[in-house]
Protein chains: 2
Amino acid sequence: MSRELNRLDGRKRTILRAVVEEYVEQAEPVASRCLVERYNLNLSSASVRSTLAELEQLGYLEQPHTSAGRVPTDRGYRTYIDELMELEPLAQETKEHIRAQLQESIDEIPELLRQASGLLSQGTGYVSIALQPRVASSVLRQIKLLMIEPGRVLVLLVLSAGVVRDRIVRIPDILDQGQLARIAAAIEQQLAGCKLRDISFVMMQLAAADTQVPESLLNQVLFETWTAIQQADQLATYVDGMPNLLRHREFHSIARARDVVSALSSDGLLTGLMEPPEHEAKAIPGSGENLPAASAAVPWMVRIGQELQQQGLEDCSFVTTTYHLPERLVGSIGVVGPRRMAYSRVISHISFVRQTIDHLLTWRSSRS
Amino acid sequence: MSRELNRLDGRKRTILRAVVEEYVEQAEPVASRCLVERYNLNLSSASVRSTLAELEQLGYLEQPHTSAGRVPTDRGYRTYIDELMELEPLAQETKEHIRAQLQESIDEIPELLRQASGLLSQGTGYVSIALQPRVASSVLRQIKLLMIEPGRVLVLLVLSAGVVRDRIVRIPDILDQGQLARIAAAIEQQLAGCKLRDISFVMMQLAAADTQVPESLLNQVLFETWTAIQQADQLATYVDGMPNLLRHREFHSIARARDVVSALSSDGLLTGLMEPPEHEAKAIPGSGENLPAASAAVPWMVRIGQELQQQGLEDCSFVTTTYHLPERLVGSIGVVGPRRMAYSRVISHISFVRQTIDHLLTWRSSRS
DNA sequence: ATTGGCACTCGGCGTTATCGAGTGCCAGAG
DNA sequence: CTCTGGCACTCGATAACGCCGAGTGCCAAT
């Protein structure tokens, strides 16, 4: 069972790698002869065939049918990604472009994410997804209550890293802006610095106790406000590039196409698949072990076909990574494509986009 | 060329209507025999055949090939919609459901639109689209400038009908919250009541002239604020039900499917197709002439296939309508489906959703 | 005007044959 | 023991053929 014993020897590695790359490019089962011709292995096709047979035996490849070429299995892709591929560096020009685009929308996170998603889908030719940062564990900095119309109040929250959330709630229309302002100020004074998820209704009651607002009214306002705070974590997904997917062979059968489009249309499902598995530290993270030193700390995660454990997405892969805002806020961006995906290109891309986002957001406030 | 002379006689009308309805249901060219059997016309198939031939002559129907049944042309659908169909009333239960769902998210327009879109796509089985109300012609009611972090300010606009827009801008970080508040108050005092699109930069300069803020700083703030005001019209589209589309025959060929998915993914394109054609009053509005009296004023619009004048959407139809907020704010909702669409069901649905939105939004502020 | 009857068309489908890319295996060479 | 050229075999894809039947258009009879 020792991993060392199972380790592939040099030739197997070379050939597995060649098969994956060829298949990704051509979308057709790859034949021994083709490998010999295009990847100058100094071998005959017969030898390659025997290696292919072994790789199949070991579960890295499979044949769609006898007398067809080989296709990588999930395991084949996995090994390719973890051990065999080389990340191809992005063109300088591409980098500039990404940087420039992201720079533009740096002030509004939603806009930034939309941009990032657009860049990723365009750059990779697959579908990309960006998720809002999760704010449940972020900290309350400011809270304002603004009367929009009689009976309708805007609850405005400023959180860690200057993230803003707002929400309109309904309150008794006897209250005036002055009372609301006092309530907000009281809450802000007492609870600024608390994590959203730690803020309880009672804490808010205590905070706003001496605002001179009749208790029943106060409680209504507080309750609505509290609800707004608890629901600050809207799960917004920015999906881009859907039409790209339909270009790929694997989705030429409508059934598959529908499964994927469905999945991509379901915010809940996507969020689930994108979120970094918080306590499952073991969950197949891209080790990044063969990354160039400079970005050795970049953790991306790839999930391939069955690994997604998602009915209907057996032909898909997700590449995801986590971007960072100051004060430990994080969110996810990712790329979804066919299992037969140009992983190295995608990973380079997504890593760079993530790096750029991190960089921009970290230094945002200190730049003019 | 008089329309009266071209008018179809009773039998032609009956048969055209039957053909459309049968085709919508079965998705296959409809044959004379089938019509006789299922729509108890007291005629033989031979007679029906001759009528069908005439309808084809007149351009209402076509044959995919000799010895196949008939299929409606754009013109056929058009006539069906304008003159022949009967709107089927919604089940009471459905109505309740729509009302209840919309009621829930009445306070946040984006949420309301998301809901509406969801209801429409679920209810009709097609794709639905909802657009934010356009606010360029709405009026400024309140404006606040809130310092989020040093150098970053939230511009918050309250507009007609209590619509809220916000945007984060970057300003010199020497300014403090007090100065910002003064600027905002001055603008609000002078410009409240102005239409957004009428607000010029100079007007803002005049309004904020005596706020005791150094001119160059002031101008920077004003400029950013002005930009935020001018860009208040974000074109957000809420699209729901994409997977539904792929269920329909016409999109079983990937090429078609891709065209549609592309179109639906392009906010700009969609917005263009959904917006009510403001000055082109002649543009094919659903006359509503055969609507029940109670909703006689409901204007919906249908555009069929070629009428969309959109490369790649020849097999699609759009049904759109306009919802209303107080103070003349309007936005669009619509349904997109194959040309072979259950128009009467869709129109009933969309009309009711629109009615309900209008109603809820109109009475929103007066309810608790 | 309507209809039953009839000849005609043509897409869809199942059958069959052919082709060739690709494999597995093996015997012989290095 | 490894590698390779050769060979038999498999099997999907494609094309050709024929048949069936749904559906039409036309016409003569009522």
Side-chain angles (χ1 to χ4, degrees), chain A residues 8-16 18-23 25-73 76 249-250 252-254, chain B residues 8-16 18-23 25-73 76 249-250 252-254:
Chain A
L8 301 175
D9 63 42
R11 174 176 305 171
K12 291 206 188 70
R13 293 167 62 86
T14 317
I15 289 187
L16 176 54
V19 171
V20 172
E21 289 177 359
E22 186 67 16
Y23 184 60
E25 192 180 330
Q26 303 290 341
E28 270 167 34
V30 350
S32 54
R33 194 164 150 231
C34 153
L35 288 175
V36 177
E37 281 169 3
R38 304 169 73 144
Y39 291 79
N40 49 345
L41 326 165
N42 291 317
L43 287 174
S44 73
S45 67
S47 311
V48 174
R49 275 203 291 280
S50 83
T51 307
L52 288 174
E54 293 175 77
L55 283 169
E56 183 170 1
Q57 195 72 29
L58 295 170
Y60 296 98
L61 299 177
E62 62 189 352
Q63 279 181 301
H65 51 267
T66 338
S67 94
R70 272 16 184 251
V71 163
T73 59
R249 265 236 165 59
E250 23 278 284
H252 275 26
S253 90
I254 285 289
Chain B
L8 302 174
D9 64 43
R11 173 177 304 171
K12 290 206 188 71
R13 292 167 64 86
T14 318
I15 289 187
L16 176 54
V19 171
V20 173
E21 289 177 358
E22 186 66 16
Y23 183 60
E25 192 180 329
Q26 303 289 341
E28 271 167 34
V30 351
S32 55
R33 194 163 151 230
C34 154
L35 289 175
V36 178
E37 280 169 4
R38 304 167 74 140
Y39 290 79
N40 49 345
L41 326 165
N42 290 319
L43 287 174
S44 72
S45 67
S47 311
V48 174
R49 274 204 291 280
S50 82
T51 308
L52 287 175
E54 292 176 78
L55 284 168
E56 184 171 358
Q57 194 73 28
L58 295 170
Y60 296 98
L61 299 177
E62 61 189 355
Q63 279 180 301
H65 51 267
T66 340
S67 95
R70 288 336 196 275
V71 162
T73 59
R249 264 226 166 58
E250 23 279 282
H252 276 27
S253 91
I254 286 288

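Each chain gets a letter, A, B and so on, in the order its sequence line appears, and its residues count up from 1. Please read all numbers here as calculations on a predicted model, not as lab measurements.
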Practice task
Tell me what S32(A) touches on the nucleic acid: a base, only sugar-phosphate, or nothing, going by heavy atoms under 4.0 Å.
Solution key: sugar-phosphate

Problem - d(CZ, R33(A); P, dG20(C)) in whole Å - result: 13 Å

Exercise for the section: Can you tell me the distance, in whole Å, between the CG atom of L35(B) and the P atom of dT3(C)? Expected result: 14 Å

Problem - Stepwise side chain to side chain contact (heavy atoms under 4.5 Å, CB included) check, L43(B) with R11(B) - result: CA-CA 10 Å; L43(B) 287 174; R11(B) 173 177 304 171; 3.5 Å; yes

Problem - Distance (rounded to the nearest 0.5 Å) between L16(A) CG and E54(A) CD - result: 12.5 Å

Exercise for the section: Calculate, to the nearest 0.5 Å, the distance between atoms NZ and CG belonging to K12(A) and L52(A) respectively. Expected result: 11.5 Å

Practice task
Taking only the side-chain heavy atoms of R11(B) (C-beta and beyond), determine which of dG4(C), dT2(C), dC25(C) contains the nearest atom.
Solution key: dT2(C)

Problem - Inter-residue atom distance E37(B).CD - S32(B).OG, 0.5 Å rounding - result: 9.5 Å

Problem - Watson-Crick and G-U pairing of DNA chain D, under 3.5 Å, as dot-bracket with | and [ ] - result: ||||||||||||||||||||||||||||||

Practice task
Under 4.0 Å between any heavy atoms, over every strand shown, what does A46(B) touch: base, sugar-phosphate, or nothing? Just pick one.
Solution key: base

Problem - Nucleotides bounding contact with chain B, strand DNA chain D, heavy-atom threshold 4.0 Å - result: dG23(D) to dC26(D)

Exercise for the section: Take atom CZ of R49(A) and atom C1' of dC26(C), then tell me their distance rounded to the nearest Å. Expected result: 12 Å

Exercise for the section: Please examine the side chains of Y23(B) and P72(B), heavy atoms only from C-beta on, and report whether any two atoms are closer than 4.5 Å. Expected result: yes

Handout entry: Working for side chain to side chain contact (heavy atoms under 4.5 Å, CB included), residues E62(B) and T73(B)
Key = CA-CA 6 Å; E62(B) 61 189 355; T73(B) 59; 3.9 Å; yes

Practice task
For I15(A) and Y39(A), run side chain to side chain contact (heavy atoms under 4.5 Å, CB included): C-alpha distance rounded to whole Å, both residues' side-chain angles, the deciding distance at 0.1 Å, then the answer.
Solution key: CA-CA 9 Å; I15(A) 289 187; Y39(A) 291 79; over 6 Å; no

Problem - Verdict with supporting geometry, R249(A) and Q26(A), side chain to side chain contact (heavy atoms under 4.5 Å, CB included) - result: CA-CA 10 Å; R249(A) 265 236 165 59; Q26(A) 303 290 341; over 6 Å; no

Exercise for the section: Tell me which of A68(A) and S47(B) sits closer to the 5' end of DNA chain C, going by the nucleotide each one is nearest to. Expected result: S47(B)

Handout entry: T66(B) (side chain) and dT9(C) (base): donor-acceptor pair under 3.5 Å
Key = no

Fill in the blank from the handout: Separation between NE2 (H252(B)) and OG (S253(A)), nearest 0.5 Å, reads 10.0 Å

Completion exercise
Between CG of L43(B) and C1' of dG4(C) the distance, given in whole Å, is 14 Å

